[in-house]
Amino acid sequence: MSVLLIAEHNNKEVKPFTFNAITAASQIDQDLHVLLIGSKADDVAKSLSEVPLVKKVLHIDHEIYENYIAENYTAAILKHADKYSHIICSANTFGKNLMPRVAALLDISQVSDIIKVISPDTFLRPIYAGNAFATVKSNDEKKCVTIRPTSFEAAETTGGSAEIEKIDAADQSENTKFINREEIKSDRPELGTARIVISGGRGLQSGENFKLITDVADKLNAAIGASRAAVDAGYITNEHQVGQTGKVVVPDLYIAVGISGAIQHLAGMKESKVIVAINKDGEAPIFSVADYGLEADLFEALPQFLEELNKLNTIQK
Amino acid sequence: MKILVAVKRVIDYNVQIRVKEDGSGVVTDNVKMSTNPPDDNAIEEAVKIKESGKASEIIAVTVGEEKAQETVRKALAVGADRGIHVKVDGTIEPLAVSKILKKIVEKENPDLVFMGKQAIDDDCNQTGQMLAAHLNWPQATFASKIEVNDKSLKVTREVDEGLETIEVNTPAIITCDLRLNEPRYASLPNIMKAKKKPIEQINASDLEVDTNPRIEHIKIEEPPKRKAGIKVASVEELVQKLKNEAKVI
Amino acid sequence: MSREVMEYDVVIVGGGPSGLSTAIKLKQLNPDINVCLLEKASEIGAHILSGNVFETRALDELLPNWKDLNPPIKTKVNKEKFLFLGKTKKISWPTWLLPKVQQNHNNYIISLANLCRWLAEQAESLGVEIFPGFPASEVLYNDDGSVKGVATQDMGLDKEGNKKDGYEPGMELHAKVTVFAEGCRGHLGKELIKKFDLDKGKDPQQYGIGFKEIWELKEENHDEGLVMHTAGWPLDNSTYGGSFVYHAENKQIFLGYVIGLDYKNPHLSPFDEFQKFKTHPAIKSILEGGKRISFGARALIEGGFQSLPKMFMPGALLVGCDAGTLNMPKIKGSHTAMKSGMIAAETIIDHIKSSKELSIYEDKFKKSWVYKELYEARNVKPSFSWGLILGIIFTGIDQILFKGRLPFTLKHKHADHETLKPASEMPKIDYPKPDNIITFDKTSSVYLTGTNHAENQPVHLQLKDKDLPIKYTLGKYDEPAQRYCPVGVYEVQKENDVEKFVINSQNCIHCKTCDIKEPSQNITWVTPEGGGGPKYGNM
Ligand SMILES: Cc1cc2nc3c(=O)[nH]c(=O)nc-3n(C[C@H](O)[C@H](O)[C@H](O)COP(=O)(O)OP(=O)(O)OC[C@H]3O[C@@H](n4cnc5c(N)ncnc54)[C@H](O)[C@@H]3O)c2cc1C
Ligand SMILES: Cc1cc2nc3c(=O)[nH]c(=O)nc-3n(C[C@H](O)[C@H](O)[C@H](O)COP(=O)(O)OP(=O)(O)OC[C@H]3O[C@@H](n4cnc5c(N)ncnc54)[C@H](O)[C@@H]3O)c2cc1C
Ligand code: SF4
């Protein structure tokens with residue numbers, strides 16, 4: 001049987017995490033179909049069909065799907081679910097909201113937030129906020145799985161030409177109404193979701209010196225983090241704190257500047273894909289988790305870093 | 001209006017969990033347990049609604065072993081009126097919990113069910129949504145603001161892009177985010193009063209719900225330790241590596 | 001603003017062995033008496049840290065059928081060792097030559113925290129009302145000056161002391177008798193001793209800091225029931241201290257180190273001495289292949305007989321280590337703490353029923369075996385002020401030949417905060433870097449304690465003079481708080497070249513060392529918001 005992936009989109013474009021989920025889904029089974037539930041979303045269907053890993057796009061187009069409502073999505077999915085061995089989506093607020101509703105109605109015990117596909121029925125998932133990993137095997141006949149997007153590469157988006165099949169809508173729920181969505185736009189990405197985070201610690205020595213961090217963050221379109229010591233010293237407010245009692249971040253790139261790397265700080269960033277440490281103490285514990293360590297005085301290194309970045313003609317956003 | 005609040009007993013979030021050597025789970029003996037943090041927000045919201053005169057009764061329910069009662073007591077100490085403890089031994093999956101809660105809902109007929117958005121032990125994030133599905137009720141997950149109207153609620157949800165507002169008709173399931181409110185402290189006199197409030201005990205086995213696990217835990221292990229990478233000699237080298245080797249900038 | 005008031009017959013402050021024994025005994029003697037017990041930890045046991053080799057004498061008296069009540073008392077001591085450590089060598093001391101007080105047959109290796117959890121269950125089943133998460137923060141007095149009760153800590157104040165959302169004022173608990181059972185260096189006990197001059201004519205109190213780690217060992221290194229103590233390295237001859245290694249159940253050992261807080265060198269770091277101790281070949285070989293699973297520290301009260309204050313005052317009693325009933329040569333205080341609580345309970349019953357004076361507590365105490373124990377042990381600790389070697393020789397004569405009955409009493413001469421010498425006069429100590437296998441740094445150690453304090457609350461480590469640390473203590477003693485605090489609460493940081501004294505109060509594990517050792521007594525430990533502090537499991 002094939003696997004069915006539920007796409008997240010805004011009727012104009014595919015939301016990026018869907019591509020990560022596609023990679024994971026294709027590791028479960030190559031025969032991957034994507035279900036697109038939307039309203040006037042032909043462009044989205046087209047881009048999904050161009051993803052080489054996708055074998056088929058099922059497209060339900062109806063005005064009741066103009067906004068994403070879990071109740072309506074669930075009904076639509078259930079209408080078409082029986083042919084599939086797995087139903088999959090990303091474990092962000094979209095998929096977390098949706099999948100359990102689907103699973104319950106199929107009487108399936110869902111496997112949440114997997115970080116690795118071990119076999120079509122066995123997965124690795126973090127529990128206790130990442131402090132332990134569980135290998136779990138689903139004994140349900142059909143499986144509902146959500147995928148931690150940051151644990152899988154995004155799939156190629158071009159080169160494919162999957163068939164697009166239009167299918168029927170389901171009934172609309174009377175009891176839930178969408179009112180509005182306020183997208184929070186700020187000059188800087190959110191710490192929790194940013195692709196790059198640059199954090200400063202007590203090595204910065206003052207709030208004013210955090211400008212060195214801000215300048216680099218601007219250049220890299222990065223979010224700004226901090227150690228507790230920097231927060232306690234009043235260099236920066238506590239919503240920037242990363243760690244055990246702050247935020248847990250999993251960016252592609254985490255740059256720790258003037259941070260010693262106490263275990264409580266590591267608890268908040270050690271799952272980052274690439275870690276850079278800039279510290280003048282060569283024996284600071286942060287170096288034991290850093291992919292790239294630079295033993296240097298931050299007051300010299302940061303301006304140089306900015307200069308080097310300026311020399312690059314492109315920077316990924 | 002009657003509000004049911006589901007509360008779960010989990011390892012206290014300050015405790016550093018320790019994985020058992022034989023891979024069968026984590027150590028829970030003599031470990032400090034507490035109410036799942038967002039469940040405190042769920043109770044608080046219910047109490048606030050009751051204080052505003054819009055609700056008449058709050059029932060706290062937990063599903064778990066004998067000691068799970070402590071979380072119900074705590075809920076009673078901050079304002080729930082009575083408690084229900086559905087006794088099960090060992091852990092059970094969210095699917096089974098949601099089926100049990102469905103039975104409780106059918107018995108109690110609440111207008112609202114408040115739950116936490118996610119339990120910090122299994123991190124499943126399923127129970128509320130599953131209960132909503134079983135009851136065919138609307139759901140509002142990750143709620144960070146709730147406005148109670150006559151027959152409906154306006155709920156602001158924390159979603160990836162920012163904030164989303166939806167309106168759900170009652171009866172409904174709400175799962176609460178930590179940002180929803182600031183849970184109050186239980187005062188001494190209220191803790192004493194809570195000791196006298198009733199907690200009804202129900203055996204899960206009497207509810208005729210299939211609680212058999214569907215998911216096998218093959219192995220619980222510590223996350224792999226990260227290894228040290230390399231030291232670079234200069235800022236220039238660092239930027240080159242990030243650009244060409246790690247490909248992150 | 002007036003606080004809510006509740007009336008009890010007896011209010012007990014602290015849920016350690018002494019407080020819980022008081023509560024149980026009270027209820028046994030009079031089931032109708034209403035007893036309330038306050039504990040600052042989030043649950044009973046979460047702030048208890050102890051060795052612990054347990055002598056059951058008091059428990060036998062309190063709950064004669066304890067063996068039938070499924071107590072967490074499982075591992076009987078079956079073997080003993082005593083080692084003198086040199087830098088790399090060790091000398092084993094024959095156990096038959098150990099003073100009787102240091103022999104442990106018939107004792108058990110237990111987790112005192114678990115014992116307290118179990119005692120709390122017994123107390124609750126007798127009807128004692130136990131409230132964990134509620135520190136007593138203030139003593140209340142009647143107009144005639146007698147103790148009226150205590151008030152619990154306000155909850156929900158911000159850093160500046162303003163009320164936050166959800167602010168919950170403390171409440172007043174009034175009692176016929178209030179029992180202070182806060183353990184070593186109780187912060188209300190300290191106030192009472194001063195106010196009622198309870199230590200008049202006594203020697204200054206003596207303290208130690210005790211560390212404990214729990215390790216899970218490789219099977220072949222574990223020897224359930226073995227009790228081992230060491231003296232000597234890494235401490236120099238003039239510093240009082242030693243280690244304990246107790247092989248408990250489940251392949252675990254309780255490994256600890258106690259250092260007298262009368263040490264002189266401000267450069268000494270008790271935490272690092274303990275870490276260094278583990279690198280001794282005789283210890284390292286036990287730990288290798290094992291894993292550290294818990295860490296913690298707590299001060300012990302060591303003054304004993306000579307420093308024991310008067311334990312009664314109008315309206316209140318002191319019990320256990322809040323008074324100082326620990327038997328130092330035995331390094332045991334649990335059984336004596338329990339017994340003192342039981343005697344206090346008998347006193348209170350007499351006091352309430354037949355209006356006997358609370359002073360009968362002292363008479364009863366003097367007639368008990370605790371008093372005899374403390375009397376016989378009295379000269380051991382002070383003799384070590386002559387150094388380890390002379391101390392041992394004297395102790396041998398005193399304890400083995402004379403069984404503690406020599407016709408004189410040695411004095412404790414100084415309070416612990418008076419003993420530091422200026423930093424410039426004392427040698428610096430170079431501690432090895434932690435290897436993260438056998439030895440660790442403070443931050444990864446505090447991580448295991450599970451300690452935390454709600455952010456944005458008043459700092460519970462108060463400085464009498466905010467400028468003193470930098471202005472005076474730094475220059476004279478190189479600010480020893482940086483070293484004596486076992487978890488790095490105190491730091492001296494340079495900010496734009498200006499030195500600043502930083503207090504990371506969230507890290508505090510309530511050991512009370514700073515309150516004891518600060519040379520100018522400039523630091524006062526007060527109770528933080530309820531539930532804060534460590535979350536010890538089976539310590
Ligand atoms: C219960 C609890 C919870 C905690 N939660 C958190 C948490 O959530 N997040 C967190 O971060 N911490 C947390 N901590 C605190 C943690 O233990 C550390 O104290 C903190 O992370 C240290 O911050 P830091 O690395 O900035 O400071 P420090 O440890 O002082 O390190 C500063 C570093 O800067 C370097 N440096 C100094 N000057 C320069 C320079 N000119 N150039 C280059 N490098 C320089 C130094 O070599 C040093 O390594 C918690 C602690 C406890 C007990
Ligand atoms: C490292 C170490 C090893 C030891 N080894 C042994 C041993 O092997 N055998 C042995 O018998 N003894 C040993 N002891 C001594 C023993 O632990 C103590 O003598 C015993 O715990 C004293 O009991 P207590 O009830 O007086 O005080 P504690 O056990 O200290 O209990 C006091 C309780 O009161 C609470 N409290 C304090 N202040 C307040 C307040 N203001 N409001 C509310 N609650 C408060 C505390 O949180 C705590 O729970 C050891 C001690 C240490 C530190
Ligand atoms: S601050 Fe004081 S009481 Fe707290 S851990 Fe440090 S020395 Fe102990």
Side-chain angles (χ1 to χ4, degrees), chain A residues 70-71 74 92-94 96-97 100-101 103-105 109-113 122 126-140 173 175-184 193 220 252-253 270 273-274 276 287-295 301 304-305 308-309 312 315-316, chain B residues 11 16-17 19 26 93-95 98 120-127 129-134 137-139 141-142 154 157-169 172 213-223 226 228-232 235-236 238-239 241-243 246 248-249:
Chain A
E71 289 81 333
T74 303
N92 56 345
T93 53
F94 164 78
K96 286 177 175 173
N97 187 36
R101 198 162 174 117
L105 294 175
S109 205
Q110 171 185 323
V111 183
S112 295
D113 210 16
T122 307
I127 53 176
Y128 293 96
N131 287 306
F133 283 2
T135 305
V136 298
K137 176 166 178 283
S138 162
N139 290 327
D140 279 311
S173 158
N175 287 323
T176 310
K177 231 173 37 214
F178 176 87
I179 296 179
N180 66 28
R181 180 173 296 143
E182 272 173 63
E183 304 215 348
I184 294 182
T193 49
L220 288 171
D252 289 349
L253 173 61
K270 67 176 188 314
K273 218 171 264 167
V274 175
V276 168
F287 287 120
S288 70
V289 298
D291 299 284
Y292 302 107
L294 176 65
E295 194 180 325
Q304 276 178 35
F305 191 50
E308 288 296 320
L309 290 176
L312 297 178
I315 285 187
Q316 285 181 39
Chain B
I11 296 182
Q16 302 320 318
I17 62 124
V19 174
V26 303
E93 290 166 9
L95 181 66
S98 64
I120 62 165
D121 48 0
D122 304 320
D123 287 344
C124 283
N125 195 322
Q126 302 175 1
T127 314
Q129 297 88 313
M130 287 185 159
L131 176 60
H134 291 312
W137 285 9
Q139 68 189 40
T141 53
F142 315 117
K154 210 159 132 187
R157 308 178 53 232
E158 299 268 337
V159 294
D160 294 348
E161 301 83 358
L163 299 174
E164 179 184 281
T165 307
I166 60 173
E167 190 172 317
V168 290
N169 293 339
R214 313 280 190 83
I215 294 177
E216 255 175 80
H217 279 74
I218 295 177
K219 192 169 58 185
I220 311 289
E221 61 202 327
E222 279 186 29
R226 212 183 164 102
I230 55 161
K231 286 225 178 138
V232 291
V235 172
E236 216 174 340
L238 175 63
V239 171
K241 293 264 189 215
L242 290 178
K243 177 94 191 155
V248 285
I249 57 173

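Protein chains get the first letters and strands the later ones, always in sequence-line order, with residue 1 at the start of each.
Few gaps surround NZ on B:Lys231; more than 12 heavy atoms of other groups in view lie less than 6.0 Å from it. Within a 6.0 Å sphere centred on NZ of A:Lys273, heavy atoms belonging to other residues, nucleotides or ligands number more than 12.
Taking CD1 from B:Ile215 and NZ from A:Lys137, the interatomic distance works out to 11.0 Å, rounded to the nearest 0.5 Å. Expressed to the nearest 0.5 Å, how far CG of A:Asp113 lies from CD of B:Gln126 amounts to 10.5 Å. Atom CD1 of B:Ile249 and atom CG of A:Asp252 lie 12.5 Å apart (nearest 0.5 Å).
Highest contact tally toward chain B, considering only A:Ile127, A:Asn180, A:Asn92, is held by A:Asn180 [criterion: heavy-atom pairs under 4.5 Å]. Top candidate by heavy-atom pairs under 4.5 Å with chain A, chosen from B:Val168, B:Asp160, B:Ile220, is B:Asp160. Taking B:Asn169, B:Leu242, B:Ile11 one by one and counting their heavy-atom pairs under 4.5 Å with chain A, the maximum is reached by B:Asn169. With respect to chain A, the highest number of heavy-atom pairs below 4.5 Å among B:Ala172, B:Pro223, B:Gly162, B:Ala132 belongs to B:Pro223. Residue with the most contacts toward chain A among B:Ile166, B:Thr165, B:Ile218: B:Thr165 (heavy-atom pairs, distance under 4.5 Å). Ranking A:Asp140, A:Val111, A:Thr93 against chain B, the residue ahead of the rest is A:Thr93, based on heavy-atom pairs under 4.5 Å. Of the listed residues (A:Val274, A:Thr122, A:Asn97), the one with the most heavy-atom contacts under 4.5 Å to chain B is A:Asn97. Contact tally against chain A (heavy-atom pairs below 4.5 Å) for B:Glu158, B:Lys241, B:Glu222: the top residue is B:Lys241. Per-residue counts of heavy-atom pairs under 4.5 Å with chain A were compared for B:Glu236, B:Lys219, B:Arg214; the largest is that of B:Arg214.
Here the closest heavy-atom approach between residue B:Pro138 and residue A:Asn175 is recorded as CG-CB, 3.7 Å. Taking each heavy atom of A:Val289 and B:Arg226 in turn, the nearest pair found is O-NE, 3.0 Å. Shown here for B:Leu95 and A:Ala104, the closest heavy-atom pair between the two residues is CD1-CA, 4.0 Å. In this structure, A:Asn131 and B:Val19 approach most closely via the heavy-atom pair O-CG2, 4.3 Å. For the residue pair B:Met130 and A:Pro100, the shortest heavy atom distance occurs at CG-O, 3.3 Å.
Looking at B:Val159 and A:Phe94, their side chains never come closer than 4.5 Å, going by heavy atoms from C-beta outward. Residues B:Thr141 and A:Lys96 form no side-chain contact, since every pair of their non-hydrogen atoms from C-beta on lies 4.5 Å or further apart. For the pair B:Ile120/A:Tyr128, no side-chain contact is recorded, criterion being any heavy-atom separation below 4.5 Å from C-beta on.
If you measure heavy-atom distances from A:Ala290 to chain B, the contacts under 4.5 Å come from the backbone alone. Interface residue A:Thr176: backbone and side-chain heavy atoms are both found under 4.5 Å from chain B. Heavy atoms closer than 4.5 Å to chain A are found in the side chain of B:Ile17, but not in its backbone. Neither the backbone nor the side chain of A:Thr74 comes within contact range of chain B, judged by heavy atoms closer than 4.5 Å. The parts of A:Gln110 that come within reach of chain B are both its backbone and its side chain, each placing non-hydrogen atoms under 4.5 angstrom from that chain. The part of B:Val26 that comes within reach of chain A is its side chain, from C-beta onward, which places non-hydrogen atoms under 4.5 angstrom from that chain. Residue B:Ser98 does not touch chain A at all, counting heavy-atom pairs closer than 4.5 Å.
A distance-only check finds no donor-acceptor pair linking the side chain of B:Gln139 to the backbone of A:Glu71 [under 3.5 Å].
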>> Working note: A:Ser112 + B:Asn125, criterion side chain to side chain donor-acceptor pair (under 3.5 Å); need CA distance, chi angles, decisive distance, verdict.
In response: CA-CA 8 Å; A:Ser112 295; B:Asn125 195 322; over 6 Å; no
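Under the side-chain contact (heavy atoms from CB on, under 4.5 Å) rule, B:Glu216 has a single partner from A:Thr135, A:Val136, A:Asn139, which is A:Asn139.
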